[in-house]
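Input: a single structure, listed below in structure tokens.
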Amino acid sequence: MSDGIRCMWMRGGTSKGAYFLAGDLPEDEAERDRLLLEIMGSPDPRQIDGIGGADPLTSKVAIIRKSAREAADVDYLFLQVFVDQPIVTGAQGCGNILAGVGPFAIERGLVEARHGTTPVRIFMNNTGKIAIAEIDTPGGGVSYAGSAVIDGVPGAHAPVALSFEGVAGSSCGALLPTGNAMDVIDGVEVTLIDNGMPCVVMRAEDMGVSGYESREELEANEALRARLETIRLKAGPMMNLGDVGDKPVPKMTMIAPPRDGGAICTRTFIPHRCHASIGVFGAVSVATACALNGSPASAMAVLPAGDRKTVEIEHPAGSTAAVLTLGADGEVVSAGMLRTARKLFDGTVFPRAG
Ligand code: NQM
């Protein structure tokens, strides 16, 4: 390994991560994970001896290979590398890092670019579902420049339109793993939901906060964090996720009435740090909870009419629009979201030896 490993460091949506071709990493999972910990510099709160950004949102890995499946161009495995614990886990997917997969696949020659826009069909190993990403390829090559803006990222960039179908229950086995739009845990009314990401959705006021606090303020609230974790550990088995002590799911989203013209306001713990904005599948799952009769979110949300709804999820950095398409019975059948992505560097990463 002294020669280093080929790696592209990319921003995907509001996250950053290391993107690898599967063939450039060891096949053995334990060996691979040891190596990824060294590459990111974990465990260490500062990740000082690695390339990780000392934040769960910048300590992420994408492993990509050409797909053998008829329905997909590439397979994408997402791994979360914990910052301060020696844990590498595929127990969740990541829709933000997903935004970089299409450009990476084209740049590495796994997908041939068209002139204009290139659709990339991505099999997500973590959930067994397929996402379609539309990549800007003017002149037959990836362009990162453009006029799309997403809250939480400065400047404008080329759009990456993501769409998903049938992601409900991809980790929990059902959209509502308990069969209920509302359960009660420790006296708090919650919706346990998985439309691409297992989430516990509850009113901020029931947790003793307004839901409009900053990320820093919420992270400094030790009593809140302890209460969220107690609820999370109880929610895990109810959501068919088993013991979630070492897992980054479910995500814990506290909701409040919208105050900037959106559908709902959110603050999400992922699960031990507060998200600077909100995840992609996290936002889709919360938007779905808003469209669900009988959930605390539906009573609070301000939703547009119609079968195709743009649901603006407010978060600490602005808002994120999840576009939901509803079926005849009001169920969410597909979802889409606009992201951007950017290649930050492409080169060789040198893990600490041993
Ligand atoms: O929900 C953070 C992120 C995510 C996940 C997290 C994500 C998603 O913003 O699809 O994107 O919830 O751990 O990268």
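As the structure is a prediction and not an experimental result, all values here were calculated from the model. Start at 1 and go down the list; that is how both ligands and their atoms are numbered.
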Heavy-atom closest pair (L344 atom, M10 atom, distance to 0.1 Å) is CD1-C, 4.0 Å

Subject >> Any N/O pair G93/ligand 1 closer than 3.5 Å >> reply: no

Ranked by distance from atom 13 (O) of ligand 1, the top protein heavy atom is K251 NZ, 2.8 Å

Whether over 12 other heavy atoms sit under 6.0 Å from N293 CG
no

Of all protein heavy atoms, the one nearest atom 5 (C) of ligand 1 is C94 SG, 3.6 Å

Exercise. Taking the non-hydrogen atoms of I97, is any one of them nearer than 4.0 angstrom to ligand 1?
Worked result: no

Margin query: Taking a cutoff of less than 4.0 Å between a non-hydrogen atom of the residue and any ligand atom, is P56 in contact with ligand 1?
Written below: no

Under 4.0 Å between heavy atoms, the region of L57 that gets near ligand 1 turns out to be side chain

Distance-only N or O hit between ligand 1 and H275, under 3.5 Å: yes

Tested for salt bridge (Lys or Arg N to Asp or Glu O under 4.0 Å) against E107, the lone hit among R6, R342, K343 is K343

Tell me whether the rings of F281 and F164 are parallel (<30°), tilted (30 to 60°) or perpendicular (>60°). tilted

- Query: Hey, is ligand 1 close enough to G95 that some N/O pair sits below 3.5 Å?
  - Reply: yes

The reported gap from CG in L192 to CG in L175 (rounded to nearest 0.5 angstrom) is 11.0 Å

Quiz item: So, Q47 versus S42: side-chain donor-acceptor pair below 3.5 Å or not?
Solution: yes

the protein heavy atom lying closest to atom 14 (O) of ligand 1 turns out to be S15 OG, 2.5 Å

>> Could you check whether R69 makes a cation-pi contact with F123, meaning its NZ or CZ is under 6.0 Å from the centre of the six-membered ring and within 45° of the ring axis?
In response: yes

Please say whether more than 12 non-hydrogen atoms of neighbouring residues, nucleotides or ligands are located less than 6.0 Å from CD in E29. no

of all protein heavy atoms, closest to atom 1 (O) of ligand 1 is G282 N, 3.0 Å

Exercise for the section: Please confirm whether K60 comes within less than 3.5 Å of ligand 1 when only nitrogen or oxygen atoms on both sides are compared. Expected result: yes

Taking only non-hydrogen atoms of F281 and a 4.0 Å limit, the atoms of ligand 1 in range are 1 (O), 8 (C), 10 (O)

